[in-house]
Number of protein chains: 2
Amino acid sequence: MKEGPDIAQIGALIGDPARANMLAALTGGRALTATELAGVGGITLQTASSHLAKLEAGGLLAQRKQGRHRYFTLADEAVARLIESMMGFAAGRGHLRHRPGPKEPALRKARICYDHLAGDYGVRMLDSLIASGSIAAVGDGLALTEKGENDLKGIGIDVGALKSSRRPLCRSCLDWSERRAHLAGSLGKALLSSFLDKGWARRTAESRSILFSPEGDRQFLRLFPVEG
Amino acid sequence: MKEGPDIAQIGALIGDPARANMLAALTGGRALTATELAGVGGITLQTASSHLAKLEAGGLLAQRKQGRHRYFTLADEAVARLIESMMGFAAGRGHLRHRPGPKEPALRKARICYDHLAGDYGVRMLDSLIASGSIAAVGDGLALTEKGENDLKGIGIDVGALKSSRRPLCRSCLDWSERRAHLAGSLGKALLSSFLDKGWARRTAESRSILFSPEGDRQFLRLFPVEG
DNA sequence: TTCATAGTTCGATCGTAACCGAAACATCGC
DNA sequence: GCGATGTTTCGGTTACGATCGAACTATGAA
């Protein structure tokens, strides 16, 4: 009766609370050191080291040594998608550690999800792009329209270059705090990058939240209006 | 630092080999008894009972008691999607228990995936529907075209009724054996049901494989041609 | 009623994995 | 070279959970 892929192995890898916390933290897209990850896992450095070795052996993490630090990241986007999808699932069942109250308002307003914008602002951006006809929602998926391609060129996104990569251009990502879709894929990444480059927003040191400057906030809301 | 949904809990639930085997077996869509599940898990009934209780408490399983049997199924489609997505992920990393050789040829040709057709035939059906313009592939997602709606009515699928349900009509499902997409969603389910109703194919007793009759095979291949 | 089958609960055993202290190893700045 | 910081390895403890035998409950059949 044993057939098919071995999901128990990766389930067990994710199943330890300390490891799950580390993976969730790395969903922030930023590379973190072993010491930092020990912090988020609530364990000592030695224990963290052993966990990280297991995660790496299981193919979930990649590490890059740089000087006397060791930076860990998720192995690739597939891992990020897996983690996010499990978060979505868990959130749907009410397996929450904190009730989704108004805590951490900055995190709910705008945060990074691997490499693109999530939270309130992420949802707003996608809604606005769909309303303006820049992105078409068909079934589960998303597609950039010609209008969208032109509009995005206007704000400095080189869509041609993104198209040539083999990573999907548009992807919808369901996030746990909003329970609504926001824009992932290379286009989602490019948009967030452009906001950061323009100085409209910046990442915070120790959290997944994205802080918009007053000016950036104004520009963002102007660029992605929503009716109502 | 503790924020967001608790993925460790469900990871741990899936992380035990016996439980993972049970869940994988239930991906077949058929309700199984505790004794049958003990069999696929390779454990005694007592142990299985304890595992099943945990899975139910975790919201992954639902049970229906019927006479002196207790039938277990996956709690809902979301669970099925989660398991399949983990299988897809694991398969992509080569975490296979069996090398994907030509073993179990019937399983690779046609099998059930929760409630729709997967395997070689599942992939062929979706390819053919796309090639004939019945279904449009846009980005990640799938959408039924007007032509497709008419064509399907011709073979006895009541698309109108499906549309009114809140379950998505078309969904693409990536399966581990082919590594290619096949058709899920209520339409995928309806198509498989119609094949079974027409007597073109039948489910086997103890496996996920679907057996086509010689006549059913002929009809299926005629209905869903592929060039090449 | 009695027997057989299906399943759960209890209790005890056992193995494994998480954990941390201490020490070793590596890299940087001086 | 030296000490300081970051990380891994080793050894030993501990705790949890998977496992199964045995007893118990529930349903159906004779």
Side-chain angles (χ1 to χ4, degrees), chain A residues 1-2 6-26 30-73 95 205-206, chain B residues 1-2 6-26 30-58 60-73 95 97 205-206:
Chain A
M1 267 306 142
K2 275 157 198 155
D6 187 3
I7 60 174
Q9 210 171 345
I10 54 178
L13 241 26
I14 300 174
D16 179 85
R19 285 196 293 258
N21 283 336
M22 293 178 176
L23 289 168
L26 287 170
R30 192 189 291 275
L32 298 174
T33 65
T35 309
E36 289 169 321
L37 288 168
V40 311
I43 49 182
T44 63
L45 199 48
Q46 307 92 299
T47 310
S49 179
S50 126
H51 283 310
L52 290 168
K54 280 170 195 168
L55 287 170
E56 198 189 355
L60 299 190
L61 291 190
Q63 64 161 300
R64 203 173 67 234
K65 72 190 290 199
Q66 207 166 92
R68 52 184 164 178
H69 292 277
R70 245 183 172 87
Y71 286 98
F72 290 87
T73 55
H95 288 177
E206 286 294 324
Chain B
M1 265 305 142
K2 275 156 201 159
D6 186 3
I7 60 174
Q9 210 172 345
I10 54 179
L13 240 25
I14 300 173
D16 178 85
R19 285 195 293 258
N21 283 335
M22 294 178 176
L23 289 169
L26 288 170
R30 192 189 291 276
L32 298 174
T33 65
T35 308
E36 290 169 322
L37 288 168
V40 311
I43 50 182
T44 63
L45 194 52
Q46 307 94 298
T47 310
S49 179
S50 128
H51 283 310
L52 290 169
K54 280 172 196 168
L55 286 171
E56 199 190 354
L60 298 189
L61 292 189
Q63 64 161 301
R64 201 172 69 232
K65 91 188 272 198
Q66 204 165 93
R68 52 182 165 180
H69 290 278
R70 242 182 176 87
Y71 286 98
F72 290 86
T73 56
H95 288 176
R97 286 182 298 210
E206 285 295 325

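For the numbers below, each heavy atom of this structure counts, side chains included, while hydrogens, waters and symmetry mates do not. Letters go in sequence order (proteins before strands), and every chain restarts at 1.
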Could you list the donor-acceptor pairs under 3.5 angstrom formed by side chains in residues 47-54 of chain B, with sequence neighbours left out?
| from | atom 1 | to | atom 2 | distance (Å) |
| --- | --- | --- | --- | --- |
| B:T47 | OG1 | B:T44 | OG1 | 3.1 |
| B:H51 | ND1 | B:R19 | NH1 | 3.0 |

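- Looking at DNA chain C, the stems built from 3 or more consecutive Watson-Crick or G-U wobble pairs, each pair with its key distances under 3.5 Å, are C:1-30 with D:1-30.
- Between B:N21 and B:L37, every side-chain heavy-atom pair lies at or beyond the 4.5 Å cut-off.
- Between B:R70 and the phosphate of C:dA6, there is no side-chain N or O to OP1/OP2 separation shorter than 4.0 Å.
- Among C:dA18, C:dA6, D:dG6, the nucleotide with an atom closest to any side-chain atom of B:H69 is C:dA6.
- Regarding B:L52, its CG atom lies at a distance of 12 Å from the P atom of C:dT9, rounded to whole Å.
- The distance between atom CZ of A:F72 and atom P of D:dG6, rounded to the nearest whole Å, is 15 Å.
- Every residue was checked against the side-chain contact (heavy atoms from CB on, under 4.5 Å) condition with B:A12, not counting sequence neighbours, and none meets it.
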Give each protein N/O atom lying under 3.5 Å from an N/O atom of nucleotides 19-23 of chain C, with the pair distance.
| from | atom 1 | to | atom 2 | distance (Å) |
| --- | --- | --- | --- | --- |
| C:dC19 | OP2 | A:H51 | NE2 | 2.7 |
| C:dC20 | OP2 | A:T44 | N | 3.2 |
| C:dC20 | OP2 | A:T44 | OG1 | 3.1 |
| C:dC20 | OP2 | A:T47 | OG1 | 3.2 |
| C:dG21 | N7 | A:Q46 | NE2 | 2.5 |

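- Rounded to whole Å, atom C1' of C:dA6 lies 15 Å from atom CG of B:L32.
- B:L37 has its CG atom 14 Å from the P atom of D:dT19, to the nearest Å.
- Note: B:L55 CG to B:L13 CG = 5.0 Å, rounded to the nearest 0.5 Å.
- Here the CD-CZ distance, from A:E36 to A:F72, works out to 11.5 Å after rounding to the nearest 0.5 Å.
- In plain terms, the two heavy atoms of A:E56 and A:L61 that are nearest each other are CG-O, 3.6 Å.
- At a threshold of 4.5 Å between non-hydrogen side-chain atoms, the residues A:T33 and A:Y71 count as touching.
- A:L13 places its CG atom 18 Å from the P atom of C:dT16, with the value rounded to the nearest Å.
- Taking the side-chain hydrogen bond (donor to acceptor under 3.5 Å, both in side chains) definition, one finds that A:T73 meets it with nothing, sequence neighbours left out.
- Within the 4.5 Å cutoff, the side chain of A:H69 has no heavy atoms near those of the A:L32 side chain.
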Under 4.0 Å protein heavy-atom contact, by nucleotide of nucleotides 24-30 of chain D - B base, S sugar-phosphate only: ---BS--
Stepwise, does the side chain to side chain contact (heavy atoms under 4.5 Å, CB included) test hold for A:I10 with B:I14? CA-CA 9 Å; A:I10 54 178; B:I14 300 173; over 6 Å; no
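- In this entry the distance linking CZ of B:R64 with P of C:dA6 reads 17 Å, nearest Å.
- As rounded to whole Å, 19 Å separates atom P of C:dG7 from atom NZ of B:K54.
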